[in-house]
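Reading through the structure tokens given below for one structure.
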Amino acid sequence: MPDRQEWKRKALDWIDAHETDIVGFLQKLVRIPSVNPWFGDEENAAGGERSAQQYLARHLASLGGEISLWEADAGKLKRYEGMPGYYAGRDFTGRPNLAAVFPGSGGGRSLLLTGHVDVVKAGQGWSKDPFGGEIENGNIYGRGTVDMKGGITAMIKALEAVLASGAKLKGTVTVGSVVDEEAGGMGTLDFFHQGYRADACILTEATELNIAPLCRGILWGKLTIHGRSGHIEMPQAHWREGGAVDAIDKMQLYLEQFRHLNDDWRLRKRHPLLPIPCQLLVAQIQAGEYPTTYANRAEIIFNAQYLPSERDEKWTGGLVKREIEQFIRAVADTDPWLRENPPVVEWLVDADCAETDPRHPFIGTCASALRELWIEPQVKGQCSHTDMGWPVNVGIPTVNFGPGKPWLAHQSDEHLSIAELMQATKAIALIIIDWCGIEGEEQS
């Protein structure tokens, strides 16, 4: 019987011989416009997630996987209210999750390979068809190539390579593809609600082949500041006597104070695996009605990041929300109008975070796979949110690992290097073999 290195060589040789097939698989997946309905792109959202999942399910079934396709039911998930990924009334009609189980022979460690099939809308500014899968200069272009159909392709083709090598895995491999990540992660919540578990998990988000055992949490908030309209060209009485109050002027107070808050966070909210600290950053501003009137209302939409160490008892960002709310009240107390007319904070999104101990043996398995490919492993955190929260919450050591430059996600002309796609596929194949073990050998 071949030894482990021989099985690895066979799997890697299969990947090299099937580059055209691997690239074509991703192209076909990109050409299914699985835009999350949350983005309001009716043309590219209608049935797209379902079509993409059916495409994956057919392929995984052809490899021998035990296939489950099901639609989440928000009503049955009510027990998770207040926890990551729960949104009351979210409709999953025609938006199925997918699981494909490949049972091992026994005695090995199990592995979950997972990703999300939904994408954001294409948006403007593309020089190529966003759903065309065009190849140019060694890159595949299209919405979702980076986030994260490239990762889904890599994990499925890596498993296919291992199966094609003839190796009989001792540990079970489960492939999970979920919907709704781009609008809060309820698909992932439901996936783990269904009971899927493993001894380790790779979430194949784009990391440039870095091993990312951490992601940050993300809060989206809307701060509404009320003023009082009045003719902008006319003298105004004091506001206590009915005069106008410029909401834009009050908004500027908050913009200035947010800078001071960030100076504090820059020192306190850092992590050794992250290149930048958590910050509260203004993303959108809306104010005023027309040019002759003081604004009676101003809105600031902000993005605030938080660390796994800041999670509350429900694994969400409640502690950081309270910190921000207290800060907003403290600023209001410095201004007589705001003290009597306090701004209102509305929380739009709380995308959770998680962390796996970088000393966990699974991190070592991932690093060894990269070294075998002559790639020096880098362990770095993911600055954005990923769906790794729920697998970690249920006790599964999880890493983000996949092809692609994360900052190209959601951009026009999103694209993925074919060379990196192939490297990711090879690395995951090696991880599968080393983690799950091969029938007939001692577990390493």
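The analysis underlying the following values was restricted to heavy atoms, covering all of them including side chains, and did not include hydrogens, waters or symmetry mates. Please read all numbers here as calculations on a predicted model, not as lab measurements.
Annotation: the span from Trp126 atom CH2 to Gln411 atom CD amounts to 9.5 Å, rounded to 0.5 Å.
In this structure the side chain of Ile363 reaches within 4.5 angstrom of the side chain of Val379, judged on heavy atoms. At a threshold of 4.5 Å between non-hydrogen side-chain atoms, the residues Leu26 and Lys149 count as touching. Annotation: side chain of His18 is not in contact with side chain of Lys157 (no heavy-atom distance under 4.5 Å).
A side chain to side chain donor-acceptor pair (under 3.5 Å) check over residues 376-386, counting only residues at least two apart or in different chains, returns the pairs Thr386-Asn400.
Glu355 and His271 share a donor-acceptor pair across their side chains, judged by distance under 3.5 Å alone.
Aromatic pair Phe25/Tyr55: ring centres closer than 6.0 Å. Taking the centre of each ring, Phe302 and Trp220 stay at or above the 6.0 Å mark.
The only member of Tyr86, Trp315, Tyr196, Phe191 that meets ring pair (Phe, Tyr, Trp, His ring centres under 6.0 Å) when paired with Trp390 is Trp315.
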Between Arg4 and Asp434, is a salt bridge (Lys or Arg N to Asp or Glu O under 4.0 Å) present by the stated rule, with each step listed?
CA-CA 8 Å; Arg4 180 177 294 199; Asp434 279 337; 2.9 Å; yes
Candidate pair Asp180 and Arg90, rule salt bridge (Lys or Arg N to Asp or Glu O under 4.0 Å), full reasoning:
CA-CA 10 Å; Asp180 208 47; Arg90 183 68 55 89; 2.7 Å; yes
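A salt bridge links Lys321 and Asp350; the closest N-O separation between the charged side-chain nitrogens and carboxylate oxygens is under 4.0 Å.
Looking only at distances, no side-chain donor or acceptor of Arg259 sits under 3.5 Å from a matching main-chain atom of Tyr254. For the pair Arg270 (side chain) and Cys278 (backbone), a donor-acceptor distance under 3.5 Å is absent.
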